[in-house]
Amino acid sequence: MTGENEFEQLDCSAVLADVWLLLDRECDEHSRARIERHLEDCGACFEAYGIEEKIKSLIGRKCGGEHAPAGLRERLSIEIRRTVILTETELVSDRESDD
């Protein structure tokens with residue numbers, strides 16, 4: 001990882017923690033590039049990435065056709081709305097107490 005400043009350098013634990021983000025395409029372009037550079041330079045992380053990639057593929061093949069129970073989507077949607085409302089209420093409350 002020569003030529004990278006200290007902020008750009010990733011240690012193995014950080015890379016391994018973000019492997020699933022990379023596999024699920026849930027990280028931004030900059031993070032993806034940093035992780036991929038590390039994987040190119042670090043054989044141990046590259047091997048771990050390969051194992052995680054195989055696990056993800058296996059899960060997709062074996063569990064891909066299963067569907068969640070019908071009420072789960074509605075329950076999750078209600079819980080997400082409740083969390084957002086609580087968070088917004090807490091933010092408003094915090095702002096009022098700062099004034």
If we check side chain to side chain contact (heavy atoms under 4.5 Å, CB included) with D18, which of these qualifies: V15, L22, L21? L21
For F46 and L39 the tightest heavy-atom approach is CB-O, 3.5 Å
If I take atom CZ from residue R34 and atom SG from residue C27, how far apart are they, to the nearest 0.5 angstrom? 10.0 Å
Are V19 and I59 connected into the same hydrophobic cluster when the rule is that any two of I, L, V, M, F, W, Y join if their side-chain heavy atoms are below 4.5 Å apart? yes
Could you tell me whether E53 atom CD has more than 12 heavy atoms of other residues or ligands within 6.0 Å of it? yes
Closest non-hydrogen atoms of S13 and D11, given as atom of the first, atom of the second and distance, are OG-OD1, 3.1 Å
Quick one: do W20 and K56 satisfy side chain to side chain contact (heavy atoms under 4.5 Å, CB included)? Show the steps, please. CA-CA 9 Å; W20 281 93; K56 180 176 173 51; 3.5 Å; yes
Could you check whether S77 and R73, counting side-chain N and O atoms only, form a donor-acceptor pair closer than 3.5 Å? no
How long is the span from the CD atom in E47 to the CD atom in E52, to the nearest 0.5 Å? 11.5 Å
Side-chain heavy atoms nearer than 4.5 Å, only ILVMFWY residues, links allowed to pass through others: does that put I78 and I80 together? no
List for me each residue that meets side chain to side chain contact (heavy atoms under 4.5 Å, CB included) alongside R75, sequence neighbours excluded, and say none if there are none. L72
